[in-house]
Amino acid sequence: MASRERVRRLVVNADDFGLSTAVNQAVVRAHRQGILTSASLMMGGAACDEAVEMARQNPRLGVGLHLTLVCGPSVLPSSEIPGLVDSRGQFSNDPVRTGFRYFARPSLLPELKREIRAQFDKFSRTGLRLDHVNGHLHLHLHPTVLRVLSEHAQGWGIRRMRLTNDPLVPNLRLASGHWFYRLSH
């Protein structure tokens, strides 16, 4: 019986695709002239439509969903998810406080589910193949959010998800005085 050799591959990913024209241009340049193999698309980003068009022009670039539930704009209007965003449709810029709120306030779960579904629906409408899912500031790994993603993985076509392993001690050494932030992250 022949043994199967384990295949390894390097994935070099850029987050925040769709955030701005400058980010989009950097992603495409790194893909065409560098080693970038995938990008994670922010569905509420100001330059999302431009990023989708650039992705279509670069079919070898894997494009995933960069789920945004903190530090960015929502897809749904603020009137539909008032517990998650301000009146301008912006999520909080405080990831630690936001994480605690999502965990400690179960009343926010229906709004979280609606916004997450809206981001997946918007991605689906682009016609791009969903390469992977990750989250802005890794919030896709938050227990409440991860549970929603796990429950809907098959229906939303989630086949790959970024899992992080950031060793605490080296991160604290690099934290430059921001220990609480690193510890909470």
Side-chain angles (χ1 to χ4, degrees), residues 5-75 85 89-96 98-99 115-142 145-146 149 153 156-176 178 181-182 184-185:
E5 194 172 310
R6 188 171 176 185
V7 176
R8 292 180 182 225
R9 74 180 204 157
L10 175 65
V11 175
V12 179
N13 184 74
D15 288 344
D16 301 344
F17 196 33
L19 179 67
S20 68
T21 294
V23 170
N24 293 347
Q25 290 171 347
V27 166
V28 170
R29 183 175 181 190
H31 175 63
R32 288 180 178 170
Q33 298 175 11
I35 64 167
L36 188 75
T37 58
S38 69
S40 303
L41 183 59
M42 295 180 86
M43 300 315 301
C48 179
D49 293 339
E50 175 188 73
V52 170
E53 186 54 39
M54 290 173 146
R56 288 181 181 135
Q57 294 169 10
N58 293 276
R60 294 188 62 200
L61 178 67
V63 180
L65 173 62
H66 195 52
L67 188 63
T68 305
L69 300 169
V70 66
C71 300
S74 64
V75 168
V85 296
Q90 295 290 316
F91 290 104
S92 168
N93 286 330
D94 185 339
V96 175
T98 299
E115 176 63 21
I116 292 168
R117 177 179 297 278
Q119 290 185 34
F120 274 92
D121 288 347
K122 186 172 180 183
F123 188 96
S124 179
R125 287 191 301 272
T126 68
L128 298 172
R129 184 182 149 274
L130 181 64
D131 182 74
H132 63 275
V133 174
N134 62 32
H136 198 48
L137 301 182
H138 304 297
L139 208 64
H140 67 295
L141 298 175
H142 183 284
V145 176
L146 185 59
L149 294 174
W156 291 341
I158 301 172
R159 296 178 317 160
R160 294 183 194 97
M161 187 178 304
R162 178 188 296 163
L163 299 177
T164 60
N165 180 12
D166 291 337
L168 180 60
V169 174
N171 269 290
L172 289 177
R173 280 191 211 128
L174 298 171
S176 300
H178 300 285
Y181 175 78
R182 287 290 185 178
S184 68
H185 194 75

Exercise. With sequence neighbours left out, which residue pairs that include part of residues 25-54 fulfil the ring pair (Phe, Tyr, Trp, His ring centres under 6.0 Å) condition?
Worked result: none
Seminar exercise, completed: Rounded to the nearest 0.5 Å, the CD1 atom of I116 sits from the CG atom of D121 at a distance of 12.0 Å
For this session: Taking atom CZ of R29 as the centre, report whether more than 12 heavy atoms of other residues, nucleotides or ligands fall under 6.0 Å from it.
Result: no
Throw together a table of side-chain donor-acceptor distances under 3.5 angstrom for residues 41-52, partners on residues two or more places apart or in other chains.
residue, atom, partner, partner atom, Å
E50, OE1, T21, OG1, 3.2
E50, OE1, N24, ND2, 2.7
E50, OE2, T21, OG1, 3.4

Problem set entry | Over all atoms of both residues, closest heavy-atom pair of V75 and E115 | N-OE2, 2.7 Å
Exercise. Quick one: ring pair (Phe, Tyr, Trp, His ring centres under 6.0 Å) partners of F91, sequence neighbours excluded?
Worked result: none
Exercise. Rounded to the nearest 0.5 Å, how far apart are OG1 of T68 and CD of Q90?
Worked result: 10.5 Å
For this session: Output every pair passing ring pair (Phe, Tyr, Trp, His ring centres under 6.0 Å) with a member in residues 35-54, not counting sequence neighbours, ordered by first then second residue.
Result: none
Exercise. Just checking, is any N or O donor in the side chain of N134 or S40 under 3.5 Å from an acceptor N or O on the other one?
Worked result: yes
Exercise. Do L149 and F120 come close enough that some side-chain heavy atom pair is under 4.5 Å?
Worked result: yes
For this session: If a pair satisfies ring pair (Phe, Tyr, Trp, His ring centres under 6.0 Å) and one of its residues is in residues 47-70, list it, with sequence neighbours excluded.
Result: H66-H136
For this session: Would you indicate whether the side-chain heavy atoms of V133 and W156 approach each other to under 4.5 Å?
Result: no
Exercise. Any idea which heavy atoms bring C71 and L137 closest together, and the distance?
Worked result: SG-CD1, 3.7 Å
Exercise. Is any side-chain heavy atom of V63 closer than 4.5 Å to a side-chain heavy atom of T126?
Worked result: no
Exercise. Taking it one step at a time, do L61 and M54 satisfy side chain to side chain contact (heavy atoms under 4.5 Å, CB included)?
Worked result: CA-CA 10 Å; L61 178 67; M54 290 173 146; over 6 Å; no
Problem set entry | Shortest non-hydrogen contact from V70 toward P95 | CG2-CA, 3.7 Å
For this session: Could you check if a side-chain atom of T37 sits within less than 4.5 angstrom of a side-chain atom of L10, using non-hydrogen atoms only?
Result: no
For this session: Considering non-hydrogen atoms only, spot the tightest contact between V11 and S38 and give its length.
Result: CG1-OG, 3.7 Å
For this session: Any chance you could measure H132, atom NE2, to L65, atom CG, to the nearest 0.5 Å?
Result: 8.0 Å
Exercise. Who passes salt bridge (charged side-chain N to carboxylate O under 4.0 Å, His left out) against D15, sequence neighbours left out?
Worked result: R162
